[in-house]
Every structure is written in structure tokens, then in C-alpha cells.
Trainee: 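Have a look at this one before I ask anything.
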Amino acid sequence: MSMLPNFINGEFVVPTGVATIDVVSPSTGVKIAAVPRSTSSHVDEAVQAAREAFPAWSGLTIKARAAIMFKFHSLVDTHSAELAAIIVRENGKNLAEALADVAKGNETVEWSTSLPQLAAGRQLEVSRGVMCQETREPLGVVAAIVPFNFPAMVPMWTIPISLTMGNCVILKPSEKVPLTMQRMVELMVTAGVPPGVFQIVHGAAEVVTSMCDHPDISAVSFVGSSKVAEIVTKRCQAVNKRVLALGGAKNHLLALPDCDVAMTSRDVVASFAGCAGQRCMAASVLLLVSDGSNELKQTFMETLVKEIVATASNLKAGQAGGEVGPLIDNIAKQRVLEYINEAEANGATILLDGRSWAKERTEGFWVGPTIILHNNVDDRAMKEEIFGPVLSVYVANSWDEAIAIENANPYGNAACIYTEKGANAEWFIKKFRAAMLGVNVGIPVPREPFSFGGLYGTLSKFGNVDITGDGAMEFFSNRIKVTSKWSASYSAASNNAAKKQKTAAYEDKASFDGKM
């Protein structure tokens, strides 16, 4: 099977003399492609092409760049079924999830087309005859490093916004799912993105470190594991490079006795089992917030938990809409199985066992929805990111205990409260230690124009600002401030001000213009 080419300076180029990484379909375990282990020299080649393309690209008006994104948006919409089929094959999502992956990515492309209005800058007369103007200018060459779990959406979190702001972008796709962006770059070329403005360099760790270290790459965005997010952040910061790095998550859902059982059960199952649990906004822990009584605990078990188990039990393995697809690879499969086995060995009760899928389906990397009832809050499955279709359930004896468990979580992506009372929701929302919060919404992903990002000071977020919306507009631009005066307008304004100041109560004591 031939090696996938890099896309450099408007051409697909196959690197020579490099090793390859197999791309394997998660549903079958069969090799479907191979990507090159590109080196720092390939990154440098892309950077040089981007530097040459930058003056002309940044010299276009932002409206002209947005017009190209309009065309790209239309092309993605037209080819959405084709792109979704690629995602199903290389990532394992079911078809409905793959179509949503494409649509959500294209929603960010759509938002980028509004940047001529949003990034217009501002101007104000700040003192008599003195004007202050603020504009946004592109950074130059920037890099994007993306994960496997959303082959279309996560790259689109940054690429269209960065391009429309006038930057040139070099992408390192996940070596596990390179095919989606390989097709999308063809659509970008058709839309009119010039050579050198958007490029792809395949590979692994050497490409990442080269992007962090390269002196002509002005900024790096990263989405992936917390471990690598921290490494990327420290490496970029060591050379004073702008960096935005999002890590993992351990998201908690809290259910109060007054929650709507039917709605909550459907939402919890969709949150923990959708996309095979391989998303940083997936539910991982469900805390049943009790009052310490056996009666209320029993009520929870006989209503909400019973309904969640029943709903999840009806899910089938497969890649049609509504089915649960495979995990990305065998490493992921073995990791998920290890957490389930360990929890059971430590005394947890397996309410729904998805390990049977691993035994029954010998091709591919399958683990079914699994629900674990814990009696020990210190179980590893209660604390660590699993990244699979596993839900840990625990009964908290009070509101304070539930919040204490959620707050002790070192991650800070998402949390949700299920209740029918606004006052209850407000109490928990104010106390959660996470940045994206839901009320009766188990996957509280902000949609444009709101930006996406975890909480500073946690394992979910490193570096600067949020990754979509106005966060990305800020990250991918420099604010340039110009303060100016002109002799004629300044003299007229000064004379006017002098006359008015004889009777006015206000005097601009903060003005330092012309003063010592």
C-alpha cells in the first residue's frame, strides 16, 4: 500500500527515505493506508513555502480571504457524505456521528466568514485631537496539531479562523486518521487557497517537536492528551512562542432526585456511549446526589440507574446511525478493558458489561457500553480518563460530598447537573470546577459564537485562550494600537477645548500629550 504524501507548497509530495506508520481501520483491524514519518527537514520545507506565501496572502483584504472560506464551506457541505464515509472508515464512528463531525467542523468555517465584521477593529478620540486606533494583524506561519477522535471537526476549530485572519497554516493530522484532511485539503485548493497558505506534514513526535522549536513558526495549537499538551506548552514557552494546548478530561454528571428520569437517562447514555466514549466532553462519572438514606439510594437504583442500564443495553455494535462503533486501536481497547477488570476486582459491581463485545467481535477493536457501580471513590476508574464507553456510577450522600468529588478532579473540561429546579442548578453551577457546564445537557459543548476550552490551572487546559470563536480570533492575531494626532486637527481641537474648559467642570488630567 502506497505512502500518503505530504501537501507542501500546493503539491502532494511523497517523502523519500523515511519510515512509515500504518493506518488501520478500527472496525476491521485491516491496514488501509500508511503515513510517512516526516522529519524536521520536511517541516522546514513547509515553513519556507509558508513564509513565501505569507506576504501575498496577508496582503489580501480579510473580505477576500473570507470569500474563499465561503467557497470552502459550500464544498464541504456538498461533499459531506464523502467525507463522512472516510471518517467511518478510518476513525470508526457511526455514520450519523461522522456526518455530525463534518457539520460541526463546517459550522466553524461558517463562523470564520463573519470575521470581516468581527475583526474590524475600533477607533476612538481619546484626548483632544488625539485618535487611538486598534487593528488586528496576522501572526505569520502557525502550526496545528490535532487528535484522532474528530478528524474533521477539531482541525476546523482553528484552520479556517487562522486562515481568514491572514495566517499561513501547517497541519500535522493524527497519524491514526490522516485521510479526512487529505481530502479536505483538495477542497481548499478548489476553493482558491493558494500554494503555501495551507499545508500538511504527516508524522509523529519529530514533526511535533519541530513545530514547537522552529523559529519561524509563530504559534502552535494542540489538542490531545494532557501529558503531551503539557510537553508542547512547555516546549513552546521555552522559546517564547504563543501556544494553545487542550488536554484530556474526566467529566462529571450529577443527578438530583427531582431530575426528569426519561430525559436524563437518554442524555447520560448519549454522553458516555456516543462516539464510543472517545471525546473530551463525554460523561465519565455519574454522581447520584442522595441525602444519605437507603430509601433514596434505592429509589435512584430502581428508576434512573435502571433506565440508564436498559437504554444502554439496547445499543448495538456497528457503524449505522444509533450504533456504537469501535475504539481507535488495540491499545485503546486493552486500556479500557483493564479499567473495567480492575474495578470489578476491587469490589465494584458491573451493571452492564461491554467486555463481551471484545470476545465476540474478533476483527477490530470493540468494547461495548459498560456501567460500573462503585463503592469506593478512589477507584482508578473514578479518577482517571478512560476514553471509552464506560460510565462510573457513585452515590454521594450530600450536595457537599458530590461537589467535593467533582472539585477534586484534576481535569476541568465539563460538568453537568440534572434537575428541574433552577435554584438547585444555580447552586451547583456556581460551585463546579470546570469551564464548560451543562444544565440537563450532558455534552455541554459551546457552539459558535461561543469558544471552546477547559479551565485554566487544570489538566484540561494549557497555554493561552480558548480554541474556537473569539478565542481563536484573539489567539491568531496581534492587536496593533496606533495613537496619532495631526497639527491642524490638534490645534483646532485644543482651541475648542480651551474655550470650553473655562466653563466645563471636566479637565483631562490623564492626557500626557505634549507634557513633561
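Computation of the quantities below employed the complete heavy-atom set of this structure, encompassing side-chain atoms and omitting hydrogens, waters and symmetry-equivalent molecules.
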Trainee: Ignoring hydrogens and angles, tell me if any N or O in the side chain of K93 forms a donor-acceptor pair with the backbone of N149 under 3.5 Å.
Mentor: yes
Trainee: So for atom CD, which belongs to E11, do other residues, nucleotides or ligands contribute more than 12 heavy atoms lying within a distance under 6.0 Å?
Mentor: no
Trainee: Do any N or O atoms from the side chain of K241 and from the backbone of C212 form a donor-acceptor pair under 3.5 angstrom?
Mentor: yes
Trainee: Between E323 and K316, is there a side-chain N and carboxylate O pair less than 4.0 Å apart?
Mentor: no
Trainee: Measure the spacing between CG of L253 and CD1 of I417 and express it to the nearest 0.5 Å.
Mentor: 9.5 Å
Trainee: What's the spacing between T468 OG1 and F475 CZ if we round to 0.5 Å?
Mentor: 13.0 Å
Trainee: Any side-chain heavy atom of M211 within less than 4.5 Å of one from I170?
Mentor: yes
Trainee: Quick one: do H79 and E82 satisfy side-chain hydrogen bond (donor to acceptor under 3.5 Å, both in side chains)? Show the steps, please.
Mentor: CA-CA 5 Å; H79 293 271; E82 175 194 356; 3.0 Å; yes
Trainee: Which value, rounded to the nearest 0.5 Å, describes the distance between C275 atom SG and M281 atom CE?
Mentor: 12.5 Å
Trainee: Specify the closest pair of heavy atoms between T370 and G354, including all atoms of both residues, with the distance to one decimal.
Mentor: OG1-N, 2.9 Å
Trainee: At their closest point, which heavy atom of N251 faces which heavy atom of A414, and how far apart are they?
Mentor: OD1-N, 3.0 Å
Trainee: Between V367 and W357, is a side-chain contact (heavy atoms from CB on, under 4.5 Å) present by the stated rule, with each step listed?
Mentor: CA-CA 5 Å; V367 178; W357 290 20; 5.6 Å; no
Trainee: For Y456, does the six-membered ring have the charged nitrogen or CZ of K461 within the cation-pi criterion, i.e. under 6.0 angstrom from the centroid and within 45° of the normal?
Mentor: yes
Trainee: Got a second to check how far L254's CG is from Y418's OH, nearest 0.5 Å?
Mentor: 10.0 Å
Trainee: Output the distance between atom OG (S38) and atom CD1 (I200), rounded to the nearest 0.5 Å.
Mentor: 11.0 Å
Trainee: So, taking the atom named NE2 in H252 and the one named CZ in R433, what distance separates them when rounded to the nearest 0.5 Å?
Mentor: 11.0 Å
Trainee: Using side-chain heavy atoms (C-beta onward) and a distance below 4.5 Å, is V220 in contact with I145?
Mentor: yes
Trainee: So is R279 actually on top of F150's ring, under 6.0 Å and inside 45° of the axis?
Mentor: no
Trainee: Does D470 reach the main-chain N or O of M473 with its side chain, forming a donor-acceptor pair under 3.5 Å?
Mentor: no
Trainee: Does any non-hydrogen side-chain atom of L163 lie less than 4.5 Å from one of V197?
Mentor: yes
Trainee: For a 4.5 angstrom cut-off between non-hydrogen side-chain atoms, does V269 reach D267?
Mentor: no
Trainee: Between Q199 (side chain only) and A46 (backbone N and O only), is there a donor and an acceptor less than 3.5 Å apart?
Mentor: yes
Trainee: If you apply the rule side-chain contact (heavy atoms from CB on, under 4.5 Å), what do you find for D329 with V24, and how did you get there?
Mentor: CA-CA 8 Å; D329 57 24; V24 176; over 6 Å; no
Trainee: Verify, without hydrogens or angle tests, whether R65 (side chain) and L60 (backbone) share a donor-acceptor contact under 3.5 angstrom.
Mentor: yes
Trainee: Do F452 and V445 come close enough that some side-chain heavy atom pair is under 4.5 Å?
Mentor: yes
Trainee: Answer yes or no: does atom NZ of K104 have more than 12 heavy-atom neighbours from other residues, nucleotides or ligands under 6.0 Å?
Mentor: yes
Trainee: Just wondering, do L83 and S80 contact through their side chains at under 4.5 Å, heavy atoms?
Mentor: no
Trainee: Whether the side chain of W111 engages the backbone of R447 through a donor-acceptor N/O pair (distance < 3.5 Å, no angle test) should be reported.
Mentor: no
Trainee: List the atom of G471, the atom of S451, and the distance in Å for their closest heavy-atom pair.
Mentor: N-CB, 4.0 Å
Trainee: Do R183 and E186 sit within salt-bridge range, that is, some charged N less than 4.0 Å from a carboxylate O?
Mentor: yes
Trainee: If I compare all heavy atoms of W366 with all of G325, which pair ends up nearest, and what's the gap?
Mentor: CZ3-C, 3.6 Å
Trainee: So do the side chains of F72 and P160 get within less than 4.5 Å of each other, counting heavy atoms only?
Mentor: no
Trainee: Among side-chain atoms of N6 and H42, is any donor-acceptor pair under 3.5 angstrom?
Mentor: no
Trainee: Would you say the side-chain atoms of S271 pair up with the backbone N or O of A283, donor to acceptor, closer than 3.5 Å?
Mentor: yes
Trainee: Got a salt bridge between E474 and R242, using NZ or NE/NH1/NH2 to carboxylate O under 4.0 Å?
Mentor: no
Trainee: Does any N or O in the side chain of E110 come within less than 3.5 Å of the main-chain N or O of G105, such that one atom is a donor and the other an acceptor?
Mentor: no
Trainee: Work out which heavy atom in R136 is nearest to a heavy atom in S477; give both atom names and the distance.
Mentor: NH1-OG, 3.0 Å
Trainee: Can you check salt bridge (charged side-chain N to carboxylate O under 4.0 Å, His left out) on K172 and E206, steps first, answer last?
Mentor: CA-CA 11 Å; K172 192 206 89 66; E206 184 174 349; over 6 Å; no
Trainee: For V223 and V146, run side-chain contact (heavy atoms from CB on, under 4.5 Å): C-alpha distance rounded to whole Å, both residues' side-chain angles, the deciding distance at 0.1 Å, then the answer.
Mentor: CA-CA 5 Å; V223 180; V146 296; 5.7 Å; no
Trainee: Report yes or no: is the cationic atom of K176 (NZ for Lys, CZ for Arg) under 6.0 Å from the centre of the six-membered ring of F148, at an angle within 45° of the ring normal?
Mentor: yes
Trainee: Check the side chains of S25 and E90 for a donor-acceptor pair under 3.5 angstrom, ignoring hydrogens and angles.
Mentor: no
Trainee: One pair to check against side-chain contact (heavy atoms from CB on, under 4.5 Å): V201 and L171. What are the steps and the verdict?
Mentor: CA-CA 6 Å; V201 179; L171 172 72; over 6 Å; no
Trainee: Using a strict 4.0 Å threshold on nitrogen-to-oxygen distance, state whether E406 and K250 make a salt bridge.
Mentor: no
Trainee: Can a donor-acceptor pair be found, under 3.5 Å and without considering hydrogens, that links the side chain of S162 to the backbone of T158?
Mentor: no
Trainee: With no hydrogens and no angle check, is any side-chain donor or acceptor of D101 less than 3.5 Å from a backbone partner on M153?
Mentor: yes
Trainee: Could you pull out the closest heavy-atom pair between V324 and A273, with the gap in Å?
Mentor: CG1-O, 4.1 Å
Trainee: Is E134 paired with K481 through a side-chain N to carboxylate O contact shorter than 4.0 Å?
Mentor: no
Trainee: Are F222 and P147 side-chain neighbours, meaning at least one heavy-atom pair lies under 4.5 Å?
Mentor: no
